[in-house]
Amino acid sequence: MDTLTRDALTVLQPGFTGTTPPDWVLRRLGEGLAAVGLFGRNVATPEQLAALTARLRAERDDVLVAIDEEGGDVTRLEVRTGSSFPGNLALGAVDDPDLTRAVARELGRRLAECGINLNWAPSADVNSDPDNPVIGVRSFGADPELVARHTAAYVEGLQAAGVAACTKHFPGHGDTSVDSHDDMPRVGVDLPTLRARDLPPFHAAVAAGTKAVMSAHILLPALDPRLPATLSPGVLHGLLRAPVERGGLGFDGLIVTDGIEMRAISAAWGIERGGVLALAAGCDAICVGGGHSDEDTVLRLRDAIVDAVRSGELPEERLSDAATRVRALARWASKAGEGAREGSAPTPDIGLTAARRALRITAPTGRDASGGGVDGPVREGPVHVAAYTPSANFAVGDETPWGIAADLGRLLPGTSTGSYGPDTADADAVLRDAGGRPVVAVVRDVHRHPWMATALAALVAARPDTVVVEMGLPQAPPTGALHIATHGAARVCGTAAAEAIAGRIAD
């Protein structure tokens, strides 16, 4: 295998299907492939995942094994059960950087135990648009300085466990009304606004030593009127790589693309052309595999990169530099993982502790009843849980369960549950299903879904004693006899809310 072809494979981070590595992945590792990306479809149990990564390392001992494990709503390790860790918004609501650091360290420890050494996290996006369809609770919040301090803490905690952080989505996906999985988002703010609002968390991540940064497939005319950040030399070289004294961030680590098959890129340029343009712009690694997880995609990308170098479109030294950065991160991860394993004590309950602290409970008077302000059990005996279910965005997916019904069922035996959508969320139907039981309405981003807001208002009007649990962004005014904001839909967020309703701790 010639050097050019090996380098072209080295800069790819492909996915695959199945819970064991297919032969083509093992073969390509021997030919120069230096990284793979794992998704929920690759994970069954921690033991299975550890065996999978061990098989990869038997072929190449310094392979980078990446995963998109944000915790909270976006989990791959616990895709079928829900996460043991609250997501960024919950951590931002608590606003204790030491807690964020501890949560990230324990998450990193569990990743490292499974043989994963690169995490496509944290999200450093400032959620300045509350109607954002793809970020929301994945952000630490809407305040740049808050997001900055928690991004830095997360990077430090994760990398203390020997897992490289990949801070995303540069230069900020928080002010978008379009999901880049579907189309090209456009952020029309001027450069001073971008610097003051969106860039502080990335400056903080670089200062904290983040090993990688993921580019966003978003168009920012103030930086480049034609090309999205992933394909823009002005954004990557002119801002992310540029020295601080010249107004840049001075980042010298690995730049990774967001999924190159996302429609913001593939619809206009195609996967192969998009990959070449991303490398030419300054990206060092091409993430692919969320939607295209086959060998043919990898070979087409490899060959397109080789052809671009041979035609002179992509300078050979640019490809060589990118491959060198990938290998450098692989070496760091191998050494850091060994050191972290020697001194990383488990803190198994840190996620639930954080989720409990993140609850914001508003009593009927409007006062904050968090932290034990409600006297005694809120509910005794069984209740009916009415879950108002929106469509999941692509990043979250629809495999991961959410809600509080299972936990409430354990705490309050006899509890029933129903799921209600735009066509079934009639208050009379909910009350018939409740059969006289008290009602707990569980919503997610009620401010973004008019049907949900209408249905909830009708239910609360009919049953003023309804308890409302908001498991998304708590943007709408609190309503109900008791309003509980969990700041995310992770499994532990549901557990914490159920404990508050039942007035006792879950086993």
Side-chain angles (χ1 to χ4, degrees), residues 73 80-82 131 133 136-137 359-364 374 377-393 396-491 493-503 506:
D73 289 28
R80 291 169 188 84
T81 61
D131 290 330
V137 297
L359 291 185
R360 295 295 177 266
I361 305 174
T362 307
V374 178
V378 177
R379 293 293 174 201
E380 294 180 357
V383 300
H384 179 69
V385 178
Y388 293 87
T389 308
S391 299
N393 70 52
V396 174
D398 55 11
E399 291 179 275
T400 305
W402 67 283
I404 66 171
D407 284 298
L408 266 182
R410 284 189 287 271
L411 292 169
L412 301 175
T415 288
S416 59
T417 185
S419 181
Y420 305 90
D423 300 323
T424 58
D426 178 75
D428 290 338
V430 173
L431 295 177
R432 278 197 306 272
D433 293 345
R437 296 180 180 90
V439 178
V440 177
V442 183
V443 295
R444 198 168 176 178
D445 291 338
V446 70
H447 70 284
R448 290 185 52 237
H449 303 285
W451 69 266
M452 192 183 298
T454 299
L456 182 62
L459 177 62
V460 171
R463 284 289 298 268
D465 63 339
T466 297
V467 173
V468 178
V469 180
E470 169 62 85
M471 301 195 76
L473 196 68
Q475 191 72 19
T479 188
L482 201 73
H483 184 275
I484 302 174
T486 63
H487 300 92
R491 175 169 51 83
C493 296
T495 300
E499 291 175 342
I501 292 167

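Heavy-atom minimum distance, V468 versus G480: CG2-CA, 4.0 Å. The minimum heavy-atom distance between Y388 and A425, with the atom names listed, is CE2-CB, 3.5 Å. The nearest pair of heavy atoms linking P382 to T415 is CB-N, 3.5 Å. Between G488 and C493, the shortest heavy-atom distance links the atoms O-CB, 3.3 Å.
At a threshold of 4.5 Å between non-hydrogen side-chain atoms, the residues V137 and M471 do not count as touching. No side-chain heavy atom of D433 sits under 4.5 Å from any side-chain heavy atom of T417. Contact annotation: the side chain of D73 never approaches that of T400 to less than 4.5 Å [non-hydrogen atoms, C-beta and beyond].
Below 30°, between 30° and 60°, or above 60°: for H384 and Y420 the angle between ring planes is above 60°, a perpendicular geometry.
When L411, L408, I361 are each tested for a side-chain contact (heavy atoms from CB on, under 4.5 Å) with I501, only one passes: L408.
Judged as a salt bridge (charged side-chain N to carboxylate O under 4.0 Å, His left out), and not counting sequence neighbours, the contacts of R448 are D445. A search for side-chain hydrogen bond (donor to acceptor under 3.5 Å, both in side chains) contacts involving T424 returns nothing, not counting sequence neighbours.
When atom types are taken as modelled, the side chain of T486 and the backbone of E470 share a donor-acceptor pair closer than 3.5 angstrom.
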